[in-house]
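Here is the naming used below: chain letters follow the sequence lines, and residue numbers restart at 1 for every chain.
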Amino acid sequence: MTILLFAVVTQTTLFGRIRFIVPDLVMLVVILLALTRIRPEVILGTAFLSGLLVDLLGSSLLGLRAIVFTTVAYVALRTKERAENFRVAVALWAGILTLIGVALLVLIGTLFGQTSLLGANVASRVLVVPLANLLLAGLFGPLFVRLVDGDTSAFRFS
Amino acid sequence: MVDRDPRGHILPLLVTLIIFGVLLMTFDVRLQGGGVVGVLRTGTQTIIAPVQKAASYAVNPVADVVDSLSNLSNLREENIALRRQLANAEASLVGVQDQLARLEHFEQLYGMEAAGDEIGRTVANVIGRPDAFDAALIIDKGTSDGVVVGQPVVDTNGYVVGVVKSVTPGSATIVPITADRQALTVIVGDQIGSLLSQVATDEMRLEILDARAPVLVGDRVLTSAVSASFPAGLPVGVVTEDAAPSIDVLTATVDLFVHPDTLRLVVVLAWPPDPITASSDATIPSETTTTTTETATTTTTEGGG
């Protein structure tokens, strides 16, 4: 919970100010939680609450990110084996899941009349956000899992 | 390798959470951000805002350095443009000072007193944004500083930014006009029209029904006295292309003076003024709060400054 709160605050402050690095830190944390030993039900619940928190802090529809993050967490749980072998695999896996999440966000948001999601540079943001998450996942993904699980041997690739 | 977690029966939980999420979205649409949803939003923002404020003060120097480095190539160009704008502004200032002196002279001559049209202003720092896909701005002033929902927001040059959407005692969320679903009533020359946001661009679409004359490149778009959300005469942007009426309807593209992504400081206007105060006092108190910690770095696109 502390990590999620940290992610929310960093996302809304630091990454709210820097325009050219725009990861979705909260979505990334939700994705990386799937690699930990936390129970899947708890991960889905956490994903939903995290999305709800971001929705409550912003101006868009309440429940939009909650649905997106929960769906992404579910896909992450179903596909996490693909990320367990290499650091690059963790990065690619997180990047692709973020792309799915961002696409869902734009799609569901548009269906519910959230045209503000399709603001200026939407096409580049749809690509830049997953790329930034890919980079962060590659750099910090394994460390994150070790930290959450309290297991220093987890995700040590030979 | 990590330990494999038993995934259990998470599909029913996923479906339940998605249904709950859709219900929440429907509630939000139906209540238009008010009611229980509004209370939840305000409550959460009240709790998180102090943390965001503290974090903002800590990360601002880092963000400034990174932002400056990324924009280094544009700074020289921007400096030249700003110098040109400054020269134009100084020339205009001389003219305005002359006109003010004449106005004062005439007011004294006819015993007139200036009408109290000053509007209370609260200067606020932008402390964050929800995420890459939400254009809203979070500011560090709230109800404790006199900010209320629905108040108009401008930048430090007086150009229109947006409207206060939600407010807590110590913070507020602003929705820029580019992300607002409601059209803004504006005036171009003597024609009243609506300004609507467009998909995938910062430019807005101007629609004038019952148009009588064409609009030309560079025509200034101002807020109209008909607008329920903004005081009249605030600059919004300029028309980017010539457009003529077609069967009484005119459509044109407008480039805004303000790009919300670049804002660090905004000014919340206490408008409409309190009707009780307005009726009892001839002059509305001005300049309520002006506490700032940063300098403005607003980017404008106006040619003449």
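Only the backbone of Ile127(B) comes within contact range of chain A, with at least one heavy atom under 4.5 Å from a heavy atom of that chain. Residue contact with chain B, scored on non-hydrogen atoms closer than 4.5 Å, is absent for Leu25(A). Looking at Val68(A), neither its backbone nor its side chain comes within 4.5 Å of chain B, counting heavy atoms on both sides. Contacts between Val175(B) and chain A at a heavy-atom distance below 4.5 Å involve the side chain alone, from C-beta outward. Ser166(B) does not touch chain A: none of its heavy atoms, backbone or side chain, sits under 4.5 Å away. For chain B, no part of Thr10(A) is nearby; none of its heavy atoms comes within less than 4.5 Å. Heavy atoms closer than 4.5 Å to chain A are found in the side chain of Ile138(B), but not in its backbone.
No side-chain donor from either of Asn125(B) and Ser56(B) sits under 3.5 Å from a side-chain acceptor of the other.
Salt bridge present: Asp55(A) and Arg65(A) bring a charged side-chain N and a carboxylate O closer than 4.0 Å. Salt bridge status for Asp28(B) with Arg41(B): present, with a side-chain N to carboxylate O gap under 4.0 Å.
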**OP:** Test Thr143(B) against Val147(B) for side chain to side chain contact (heavy atoms under 4.5 Å, CB included), laying out the working first.
**Re:** CA-CA 5 Å; Thr143(B) 47; Val147(B) 176; over 6 Å; no
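At least one donor-acceptor pair closer than 3.5 Å links the side chain of Thr240(B) to the backbone N or O of Thr253(B).
For Phe112(A), the CZ atom sits in a packed shell: over 12 heavy atoms of surrounding residues, nucleotides or ligands are nearer than 6.0 Å. Within 6.0 Å of the CD atom in Glu241(B), the count of heavy atoms belonging to other residues, nucleotides or ligands exceeds 12.
Interface summary for chain A: among Thr42(B), Thr173(B), Val22(B), the most heavy-atom pairs under 4.5 angstrom belong to Val22(B). Chain B forms more heavy-atom pairs under 4.5 Å with one residue of Asp24(A), Val8(A), Val102(A) than with any other, namely Val102(A). For the options Lys165(B), Gln52(B), Arg129(B), Lys53(B), heavy-atom pairs under 4.5 Å to chain A are most numerous at Arg129(B).
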